[in-house]
Amino acid sequence: MGANLGRLLLRVTVGSIFIEHGTQKLFGWFGGHGPSGTGQFFESLGLRPGRRNAIVAGIAEAGGGTLLVLGLATPAAASAVGSVMVTALRTAVWRDEIKVGTGGYEVLLLANAVAIADSGPGPLSLDALLGWERRGARWAAAALGGALAGSALAIAAGRQPAEASAEESASGQRGEAETTAATS
């Protein structure tokens, strides 16, 4: 029973941290800056458009965290939250190189998510209740691989040429000006 309780405690703790982080980005809860403020930060990291990337990261964290708490689709949940941690490490923490002594928080959350995928959610989970529990080294490797791939895609999409972002922004501003002129 102790190992089962330990897995439940780990899932609920790690999942809750991700729910908090995600809702900070999505809604500004728990002292967060919401999609606009987080989006501005993401823009400074080169992840454009920042608001869209903030919303996607918030959904990955809040959604993945919720799935971890419930013990549902555990490897996919670990992959979702892990992708945000890998992206944070690559864009904000270790911009130029891995630096010993920095990124500990993100590394620990990533390692915990992969460890949960390896150990499985345990019998006190929806995965177990539904007979869907997946665990072991292959599932942990798949979760880590998914996290790395998700991060690579997010960074590549966010670093599209600045001209495209500027054109999108300008056309959006023209559309707003035309709408304002038409309603005035």
Pairs of donor and acceptor atoms involving the side chains of residues 29-42, under 3.5 Å and at least two apart or interchain, shall be tabulated with distances.
{"from": "S36", "atom 1": "OG", "to": "R51", "atom 2": "NH1", "distance (Å)": "3.2"}
{"from": "T38", "atom 1": "OG1", "to": "G34", "atom 2": "O", "distance (Å)": "2.8"}

* Single-linkage hydrophobic cluster L89~L45, side-chain heavy atoms < 4.5 angstrom -> no
* Among residues two or more places apart or on two chains, list those pairs meeting side chain to side chain donor-acceptor pair (under 3.5 Å) that have a residue in residues 11-23. => H21-Y105
* Structure fact -> Going by chain and number, the hydrophobic cluster around L129 (ILVMFWY, side chain to side chain under 4.5 Å) further includes L67, L70, L72, L126, L130, W132
* Nearest 0.5 Å, what's the OG1-CG distance between T87 and L47? -> 7.5 Å
Do any side-chain atoms of residues 56-64 form donor-acceptor pairs under 3.5 angstrom with protein atoms, and if so which ones, sequence neighbours left out?
{"from": "E61", "atom 1": "OE1", "to": "K25", "atom 2": "NZ", "distance (Å)": "2.7"}

* Structure fact -> Here the gap from I19 atom CD1 to T66 atom OG1, rounded to the nearest 0.5 Å, amounts to 3.5 Å
Output a table of donor-acceptor pairs, distance under 3.5 Å, between side-chain atoms of residues 110-123 and any protein atom two or more places apart or on a different chain; print 'none' if there are none.
{"from": "N112", "atom 1": "ND2", "to": "L108", "atom 2": "O", "distance (Å)": "2.7"}
{"from": "D118", "atom 1": "OD1", "to": "A137", "atom 2": "N", "distance (Å)": "3.2"}
{"from": "S119", "atom 1": "OG", "to": "A115", "atom 2": "O", "distance (Å)": "3.2"}

* **Note, I155 side chain near T91 side chain (heavy atom, < 4.5 Å)** => yes
* Decide yes or no for V14 and L10: does some side-chain heavy atom of the first lie under 4.5 Å from some side-chain heavy atom of the second? => yes
* To do: Report the C-alpha separation of V81 and L109 in whole Å, then their side-chain angles, then the decisive distance to 0.1 Å, and conclude whether the side chain to side chain contact (heavy atoms under 4.5 Å, CB included) test is met.
  => CA-CA 9 Å; V81 298; L109 286 172; over 6 Å; no
* Determine which pairs satisfy ring-ring contact (aromatic ring centres under 6.0 Å, His included) with at least one residue from residues 47-92, sequence neighbours left out, and list them in order. => none
* By side chain to side chain contact (heavy atoms under 4.5 Å, CB included), which residues pair with R134, not counting sequence neighbours? -> P75, W139
Return all side-chain donor-acceptor pairs below 3.5 angstrom for residues 142-149, not counting sequence neighbours, or 'none' if the list is empty.
none

* Structure fact -> Residues passing the side-chain hydrogen bond (donor to acceptor under 3.5 Å, both in side chains) test with E43, sequence neighbours excluded, are R48
* In terms of hydrophobic clusters joined by side-chain contacts under 4.5 Å, are F18 and V86 together? -> yes
* Could you tell me which residues satisfy salt bridge (Lys or Arg N to Asp or Glu O under 4.0 Å) with E133, sequence neighbours excluded, listed by chain and number? => R7, R135
* Asked: Quick one: do L68 and L9 end up in the same hydrophobic cluster if we chain Ile, Leu, Val, Met, Phe, Trp and Tyr together by side-chain heavy atoms under 4.5 Å apart?
  -> no
* Asked: Has the side chain of D127 got a donor or acceptor atom that lies under 3.5 Å from a matching backbone atom of T74?
  -> yes
* Write out all pairs satisfying ring-ring contact (aromatic ring centres under 6.0 Å, His included) with one or both partners inside residues 47-70, taking only residues at least two apart or from two chains. => none
* To do: Check side-chain hydrogen bond (donor to acceptor under 3.5 Å, both in side chains) between T102 and all other residues, then give those that pass, not counting sequence neighbours.
  => W94
